[in-house]
Amino acid sequence: MSEICSKYELDTPCLVLDLDKLDANLTKMQGRAREAGKALRPHAKTHKCSRLAKLQIEAGAIGVCAAKLSEAEALVEAGVSGVLITGPVVGVGKGRRLIALLGRDPGVLVTVDHPEVVRRLAIAAEKAHLVVDVLVDIDPGSFRTGVAPGNALGLGRLVASFASLRLRGVQSYAGHVQHIVGFEKRRSASLAALSEAVTAFRAMRSISADCDIFTGAGTGTHAIDMTIPEVTELQVGSYAVMDADYSRIGCETNAACNDEFDFALTLLTTVVSTNQEEFVTVDAGLKTIYVDNSAPYPVKKELAHLHYSWFGDEYGKLSVSEGGPIPELREVVELVTSHCDPTVNLHDRFWLTRGDAVVGEWPIDLRGRSQ
């Protein structure tokens, strides 16, 4: 590490995190939330890194979100506070682990969407002499998790009926609208998706004096959802590092490109074979970079004629178009990732840079925490 002075000397494929761009992204989102009177609880499932989570809290976030129990366990173990588990915790083994986690950090918040989960949690918490902060997860129309809006009040009453549980509010995350292309289409879809959850939250506040949290929103809808008075905090995640898929959806000020946040995260890959005339092979395949709706693409504009495509588990293909030059053997190409969350989960570390200089590394210590 001490001998490496340029990111282009790093062994590839690898993830590079530009600290200046990261800091700018964190500062911008925190400032927007503050101006709107909202709290920020960013989602750690994006970066899978406790060091970055702590940086977000230092920037003003009230805590972070974890998609899975194992992510929350790693965050608490690393000393991160204000953790909200956004996914359902179901199963005997997970139930025991959750109670153990709450014993270490009673400030962890839990979401529920089913009466059986509520009852089991209440019984386990009572036996452990704990009072658990609970949010009712309301389905905004994605049909993935969450109780139907019409049943949310009843579930909230059930939570409030147990002395071992404290009803703190609701969660409603419209993941299915985050990547809708076109800001106005996204605005209409998000406001419609959250409208019933807003009604349920208003009714639920009469149940408990502690019911004061409405958490949701993502990078794609943050500017929309923060205009909803009832929303109290934002669960944005990808804004911190950004990716190609969030770039393509456009924003309020730029219909063609969501350029509100910069690409702090990139992937370096090396040209390892140049035996074809129309493409070269690079060392970043599916085991290195996740590809879904949007393909990765070169950061440098002079390489815009190169198009990445899948070429197997270990390799990728950079095809040449528009008569541009073909990359040379051993050339290192920097790519914007397609989807940051699953790409990060494929790597052990972020290499930290300022400009082209490598200044350190952070372990991706939540990698593989999917239980």
Side-chain angles (χ1 to χ4, degrees), residues 29 32-33 36 38-48 53 56 61-69 71-72 75 82-90 108-114 117 133-152 155-156 167-180 185-202 204 211-240 243 245-246 249 339-342 370:
M29 183 64 83
R32 289 185 175 181
K38 311 297 184 183
L40 208 60
R41 198 188 302 267
H43 222 308
K45 71 181 178 68
T46 293
H47 51 70
K48 293 275 192 173
Q56 289 173 312
I62 61 171
V64 295
C65 293
K68 296 294 186 70
L69 173 60
E71 288 181 344
L75 288 165
V83 177
L84 163 61
I85 304 175
T86 61
V89 180
V90 177
V108 171
L109 291 94
V110 180
T111 56
V112 297
D113 70 354
H114 196 281
V117 174
D133 288 329
V134 175
L135 303 179
V136 173
D137 186 19
I138 301 178
D139 178 19
S142 61
F143 310 117
R144 184 171 61 185
T145 64
V147 63
N151 298 327
L155 193 62
L167 179 62
R168 294 300 313 278
V170 305
Q171 169 183 271
S172 192
Y173 172 69
H176 61 298
V177 307
Q178 298 301 319
H179 295 272
I180 293 176
K185 289 183 179 180
R186 204 159 59 250
R187 183 205 297 273
S188 297
S190 189
L191 294 178
L194 296 183
S195 60
E196 290 187 280
V198 167
T199 300
F201 177 59
R202 288 173 180 168
M204 209 173 296
C211 184
D212 58 1
I213 297 175
F214 188 125
T215 183
T219 296
T221 64
H222 76 277
I224 301 160
D225 299 342
M226 66 173 54
T227 67
I228 301 173
E230 288 77 11
V231 171
T232 63
E233 62 180 53
L234 310 176
Q235 296 184 359
V236 289
S238 298
Y239 80 97
D243 58 30
D245 204 49
Y246 264 121
I249 66 173
H339 189 174
C340 52
D341 301 33
S370 58

side-chain contact (heavy atoms from CB on, under 4.5 Å) with Asp341: which residues, sequence neighbours excluded? Lys45, Thr46, Ser238, His339
Got a sec, which residues hit side chain to side chain donor-acceptor pair (under 3.5 Å) with Tyr239, two or more places apart in sequence or on another chain? Gln56
Worked check of side chain to side chain contact (heavy atoms under 4.5 Å, CB included) between Val83 and Val64: CA-CA 5 Å; Val83 177; Val64 295; 4.3 Å; yes
Mind checking what makes salt bridge (Lys or Arg N to Asp or Glu O under 4.0 Å) contact with Asp113, not counting sequence neighbours? none
Can you give each donor-acceptor pair under 3.5 Å made by side-chain atoms of residues 167-175, sequence neighbours left out, with the distance rounded to 0.1 Å?
residue	atom	partner	partner atom	Å
Arg168	NE	Asp210	O	3.1
Arg168	NH2	Asp212	OD1	3.1
Gln171	OE1	Gln235	NE2	3.0
Gln171	NE2	Thr86	O	3.0
Gln171	NE2	Asp137	OD1	3.1
Ser172	OG	Ile138	O	3.1

Quick one: closest heavy-atom pair of Ala53 and Leu75, and the distance? CB-CD2, 4.1 Å
Under the side-chain contact (heavy atoms from CB on, under 4.5 Å) test, which residues partner Thr227, sequence neighbours left out? none
Enter the distance from Ile249:CD1 to Lys185:NZ here, rounded to the nearest 0.5 Å. 13.0 Å
Can you sort out the partners of Arg186 under side chain to side chain donor-acceptor pair (under 3.5 Å), two or more places apart, ordered by chain and number? none
Tell me which donor-acceptor pairs under 3.5 Å the side chains of residues 188-196 have, and how far apart each pair is, sequence neighbours excluded?
residue	atom	partner	partner atom	Å
Ser188	OG	Glu184	O	3.2
Ser190	OG	Asp225	OD1	2.6
Ser195	OG	Ala192	O	2.9

Just verifying a value: how many Å separate His179 NE2 and Asp245 CG, rounded to the nearest 0.5 Å? 5.0 Å
Which pairs, with at least one residue in residues 214-224 and sequence neighbours excluded, count as a salt bridge (charged side-chain N to carboxylate O under 4.0 Å, His left out)? none
Not counting sequence neighbours, which residues clear ring pair (Phe, Tyr, Trp, His ring centres under 6.0 Å) with His222? List them please. Phe261
Roughly how far, to the nearest 0.5 Å, is the CG atom of Leu69 from the OG atom of Ser370? 11.5 Å
Distance-minimising heavy-atom pair for Ala36 and Met226: CB-SD, 3.7 Å
Side chain proximity check, His47 to Cys340, heavy atoms < 4.5 angstrom: no
Do Glu233 and Leu84 have side chains that approach each other closer than 4.5 Å (heavy atoms only, starting at C-beta)? yes
Using 0.5 Å steps for rounding, measure from the CD1 atom of Ile85 to the CD atom of Glu71. 9.5 Å
Looking only at heavy atoms, what is the nearest atom pair of His176 and Pro140, with distance? CE1-O, 3.6 Å
Just jot down the side-chain contact (heavy atoms from CB on, under 4.5 Å) partners of Val198, sequence neighbours excluded, or say none. Arg202, Phe214, Ile228, Glu230
Considering all heavy atoms, the nearest Ala33-Leu234 contact: CB-CD1, 4.4 Å
For Gln178 and Thr221, run side chain to side chain contact (heavy atoms under 4.5 Å, CB included): C-alpha distance rounded to whole Å, both residues' side-chain angles, the deciding distance at 0.1 Å, then the answer. CA-CA 6 Å; Gln178 298 301 319; Thr221 64; 3.0 Å; yes
Which residues satisfy the side chain to side chain donor-acceptor pair (under 3.5 Å) test with Asp133, sequence neighbours excluded? Arg166
Stepwise, does the side chain to side chain contact (heavy atoms under 4.5 Å, CB included) test hold for Leu109 with Arg41? CA-CA 12 Å; Leu109 291 94; Arg41 198 188 302 267; 3.9 Å; yes
